[in-house]
Amino acid sequence: MKKFIEEFKTFALRGNMMDMAVGVIIGGAFSGIVTSLTDNFINPVLNMVTGGQMYTLQDVAGFASAFISSLVNFFIMAFVLFCLLKGVNKLVSLGVKEKPAAAPTTKKCPYCFTEIDIHATRCPNCTSELPKEEEAAKAPAEA
């Protein structure tokens with residue numbers, strides 16, 4: 001049962017699933033903006049142009065208020081979703097340990113500046129004899 005829960009957690013918190021969930025939620029909230037734009041601006045303008053209905057200043061203020069309300073709702077939803085995802089990402093990263101940096105396997109030749117094996121004593125490109133590690137550490141870097 002523990003393995004099943006662990007697999008579900010991995011599946012549910014995978015980046016693709018979280019992105020899809022955010023897209024669906026934001027899409028639903030954005031559809032509210034589009035509906036409000038249509039109901040409160042486009043339809044009244046079309047009604048006025050075609051002569052179907054005349055609107056008072058109070059009607060126009062109500063349309064603007066409804067549209068602004070839907071915009072505020074969208075931004076509140078986006079902010080809450082942002083905070084939730086930030087918290088989920090923080091929780092997911094709590095159990096992850098950073099891997100130590102791997103030891104270098106190559107170094108640069110001080111003469112021709114090509115990448116060579118770290119244990120090489122002679123550069124395979126310019127055939128220069130390389131200084132030992134102790135001598136290279138003591139010698140000042142050449143410009």
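The first residue in the sequence is number 1, and the count goes up from there.
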Would you indicate whether the side-chain heavy atoms of Cys126 and Cys109 approach each other to under 4.5 Å? yes

Phe67 meets the ring pair (Phe, Tyr, Trp, His ring centres under 6.0 Å) criterion, sequence neighbours left out, with Phe41

So which residues get pulled into Ile5's cluster when ILVMFWY side chains under 4.5 Å apart are joined, directly or through others? Met1

Residues at least two apart in sequence or cross-chain that pass side chain to side chain contact (heavy atoms under 4.5 Å, CB included) with Val24, listed by chain then number, are none

Residue pairs, two or more places apart or on separate chains, that pass ring-ring contact (aromatic ring centres under 6.0 Å, His included) and touch residues 42-64: Tyr55-Phe63

Which heavy-atom pair separates Leu130 from Ala120 by the least distance, and what is that distance? CD1-O, 3.5 Å

Quick one: salt bridge (charged side-chain N to carboxylate O under 4.0 Å, His left out) partners of Glu129, sequence neighbours excluded? Arg122

Can you confirm whether more than 12 heavy atoms, excluding those of Met18, are under 6.0 Å from its CE atom? yes

Please identify each residue that fulfils side chain to side chain contact (heavy atoms under 4.5 Å, CB included) with Leu46, with sequence neighbours left out. Ile42

Quick one: hydrophobic cluster around Ile76, which other residues, with the 4.5 Å side-chain cut-off, linked directly or via members? Ile68, Val72, Val80, Leu84

Given side-chain contact (heavy atoms from CB on, under 4.5 Å), test Lys108 with Glu115 step by step and report yes or no. CA-CA 5 Å; Lys108 285 200 178 273; Glu115 294 272 332; 3.8 Å; yes

Of all the heavy-atom pairs spanning Lys107 and Asp117, show the shortest one and how long it is. CE-O, 3.7 Å

Each residue besides Val45 in its hydrophobic cluster should be listed here, by chain and number; the cluster joins Ile, Leu, Val, Met, Phe, Trp and Tyr at side-chain heavy-atom distances under 4.5 Å. Val49

I need the minimum non-hydrogen distance between Asn40 and Ala66, along with the two atoms involved. ND2-CB, 3.4 Å

Results of side chain to side chain contact (heavy atoms under 4.5 Å, CB included) for Ile26 - residues two or more places apart only: Val22, Phe74, Ala78, Leu81

Residue list, side chain to side chain donor-acceptor pair (under 3.5 Å) with Asn125, at least two apart or on another chain: Thr114

Calculate, to the nearest 0.5 Å, the distance between atoms NZ and CG belonging to Lys90 and Leu85 respectively. 15.0 Å

Reference residue Thr35; test side-chain contact (heavy atoms from CB on, under 4.5 Å); the match among Leu37, Asp39, Thr38, Ile33: Asp39

Check whether more than 12 heavy atoms from other residues, nucleotides or ligands sit under 6.0 Å from atom CD of Gln58, and answer yes or no. no

All side chain to side chain contact (heavy atoms under 4.5 Å, CB included) counterparts of Thr50, not counting sequence neighbours: none

Could you note down all residue pairs passing side chain to side chain donor-acceptor pair (under 3.5 Å) where residues 59-72 supplies at least one of them, sequence neighbours left out? Ser36-Ser70, Thr56-Asp59

